[in-house]
Amino acid sequence: MMQNQNDQSRMDRIVSLAKRRGFIFQSSEIYGGLNGFWDYGPLGVALKRNLKEAWWQDMVAGHDELAAPAGAPESYEMTGLDCTIIMHPQVWKCSGHFDLFHDWMIDCRESKRRYRYDHLHGRWAAHRGKRVFVVTDQSGDDALPHTVTRAQKFFGVRANKIEEIEWGGSLEPLAEAVKGGRALLADALGPDAAAPGSLTEPREFNLMFETRIGALAGDDDDRAFLRPETAQGIFVNFKNVVDTSRVRVPFGIGQIGKSFRNEITPRNFTFRSREFEQMEIEFFCKPADSAAWYRYWRDRRWKWYLDLGLTAGKLRLREHEADELSHYSVGTADIEYAFPFLAAGEFGELEGIAHRGDFDLRSHMEGKLVRRDGGLVVETGADGKPRHRGSGKDLSYFDDISRERYVPHVIEPSAGADRAVLAFLCDAYHEDEVPDEEGKPRSRTVLKLHPRLAPVKAAILPLVKKDGMPEVAIDLYRRLKRHMTCQYDEKGSVGRRYARQDEAGTPWCLTIDGQTLTDRTVTLRDRDSLVQSRVPLEEVVDLLRDRL
Ligand code: GAP
């Protein structure tokens with residue numbers, strides 16, 4: 001099946017709305033923008049804040065440690081941290097990021113474009129004695145048609161003679177074709193090249209952004225990194241938290257913050273950015289209970305997205321196969337969403353829930369670990385010494401009730417705030433028809449965001465700018481604003497004002513009209529059902545607070 005053109009153009013309309021209504025702008029746009037970096041505008045910052053606050057409230061601040069939530073093996077505590085972006089370089093050496101957090105990239109000498117090696121696929125094409133391995137950087141359903149267009153152009157074959165091209169083998173990852181000796185880079189026609197042989201040998205590329213510490217930075221000891229995940233700040237503070245607060249295992253530490261990855265090919269709007277925010281929990285538990293906790297967090301996090309209104313049919317919970325697991329992981333599941341920029345049937349990761357065993361705490365105690373004979377051992381260099389030395393601090397936990405000492409196991413639900421915002425935006429985007437003031441159908445664009453996420457909860461609209469209506473509206477606006485984000489708008493026809501609020505995702509509009517002045521009721525318009533009801537002016541604040 002071909003790429004779903006409707007969904008791609010839908011994605012274009014979502015991106016256009018995000019720009020037009022001030023949700024998301026390209027970073028440094030007036031200078032031509034910066035690939036992989038995005039700014040959140042007035043509505044976007046409110047949406048993202050609401051999302052992060054919903055996460056923090058539901059996972060950390062609002063957690064009731066006195067009762068076991070549904071599905072949890074027992075009650076547990078939650079607390080939070082806010083760690084620095086730049087940490088001691090040894091953190092990344094012991095965590096494995098320094099050695100292992102890389103992608104393979106490949107450059108095209110002709111087009112000057114750079115690709116992720118694992119994103120390239122290809123197959124052989126032949127025409128009148130000429131043979132070439134046609135490479136595409138497209139994914140899913142787009143990949144095969146792209147190779148056809150590329151081969152057609154390369155051989156100079158007209159569209160009606162396309163069957164003259166002979167295809168050899170099926171589309172396969174370029175890396176596998178090269179490794180298996182089925183293709184040579186010298187024969188490969190790059191995705192944007194006119195002639196074969198322009199692709200360079202693949203090179204390893206560490207995704208961590210590097211920086212230098214200090215004014216006189218120069219030698220290697222000054223090298224530092226912008227964190228590629230917030231998780232490590234939690235692991236290295238495990239002992240601090242245990243020693244200074246009253247938490248007992250099992251407990252979790254949550255953190256929301258910026259992470260940075262020098263992605264080779266940032267793409268799909270904010271989905272793969274170079275600067276983004278994560279919302280991570282490291283949950284510490286007894287090794288024997290860890291499998292039950294893993295299942296609890298996987299199901300709890302899945303439900304969170306559903307409760308905030310993501311369409312169930314577009315969400316997928318995918319358990320990783322054994323060969324997909326990181327070298328330390330005992331189990332991982334991804335929560336994925338069918339983003340409109342993906343081909344039909346494809347899903348993009350929103351969050352990963354990983355059972356990390358005792359890998360992280362032990363790494364920061366003992367040094368960088370590797371898996372050997374089914375267990376984890378400290379990696380050593382040629383001299384027999386640890387390749388990356390740990391802190392030497394004791395990060396085990398002593399349970400003073402059971403009198404046991406152990407290194408807790410970790411369950412990590414790790415979500416991306418930007419990806420979640422993007423999923424909620426895509427899911428909320430609807431186009432429908434509503435009757436205008438004369439009852440004629442008018443097309444509208446509406447964001448059906450959950451009221452908790454909506455940037456503006458209510459708009460207060462005087463029907464006309466006279467007869468005392470603005471005064472009543474302003475009074476209501478001021479009373480409501482103490483409890484929720486709302487907007488006062490008296491500009492343009494009421495139909496236009498409704499349309500503006502629909503595009504911003506505002507769930508409720510309150511109109512002050514002639515009747516308000518006589519019976520002190522207002523019209524409450526519901527964004528999704530379009531039902532308009534009369535509500536006593538004095539009850540509006542309580543009513544909307546209840547609904548929120
Ligand atoms: N501590 C584990 C960890 O960082 P990850 O799967 O690499 O795991 C977790 O990242 C989440 O962070 C992802 O599910 C995604 O939502 C978000 N994320 C990762 N890389 C991203 C990027 N380049 N742009 C936007 N979000 C990203």
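Counting convention: from 1, in listed order, for ligands and their atoms alike. In what follows, residues are counted from 1 in the order of the sequence shown.
- For the pair Pro228 and ligand 1, the shortest N or O to N or O distance does not fall below 3.5 Å.
- Of the candidates Arg261, Glu229, Glu336, Arg261 brings a heavy atom nearest to atom 5 (P) of ligand 1.
- At a threshold of 4.5 Å between non-hydrogen side-chain atoms, the residues Lys368 and Phe98 do not count as touching.
- Between Asp418 and ligand 1 there is no heavy-atom distance shorter than 4.0 Å.
- Considering backbone and side-chain atoms together, Gly416 places an N or O closer than 3.5 Å to an N or O of ligand 1.
- Atoms of ligand 1 lying under 4.0 Å from any heavy atom of Glu280, numbered from 1 in the order shown and given with element: 1 (N), 2 (C), 3 (C), 4 (O).
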**Asked** Is there a side-chain hydrogen bond (donor to acceptor under 3.5 Å, both in side chains) between Asp418 and Trp38 once you walk through the steps?
**Response** CA-CA 10 Å; Asp418 306 79; Trp38 300 93; over 6 Å; no
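- For ligand 1, the atoms sitting less than 4.0 Å from at least one non-hydrogen atom of Ala231 are 1 (N), numbered in the order shown with element in parentheses.
- The residue from Gln278, Arg272, Glu282 that puts a heavy atom closest to atom 10 (O) of ligand 1 is Gln278.
- Within 6.0 Å of CZ on Arg389 lie no more than 12 heavy atoms contributed by other residues, nucleotides or ligands.
- Looking at Arg248 and Glu77, no side-chain N of the basic residue comes within less than 4.0 Å of a carboxylate O on the acidic one, giving no salt bridge.
- A ring pair (Phe, Tyr, Trp, His ring centres under 6.0 Å) with Phe283 holds for exactly one of Trp297, Tyr296, Phe251, Phe238; it is Trp297.
- The residues Lys19 and Glu29 are annotated as salt-bridged, a charged nitrogen and a carboxylate oxygen being separated by less than 4.0 angstrom.
- Comment: Glu319 engages Arg298 in a salt bridge, judged by a side-chain N to carboxylate O separation of less than 4.0 angstrom.
- For atom 2 (C) of ligand 1, the nearest non-hydrogen atom from the set Glu349, Glu275, Glu412, Gln232 comes from Glu412.
- Only backbone heavy atoms of Leu350 (N, CA, C or O) come within less than 4.0 Å of ligand 1; its side chain stays farther off.
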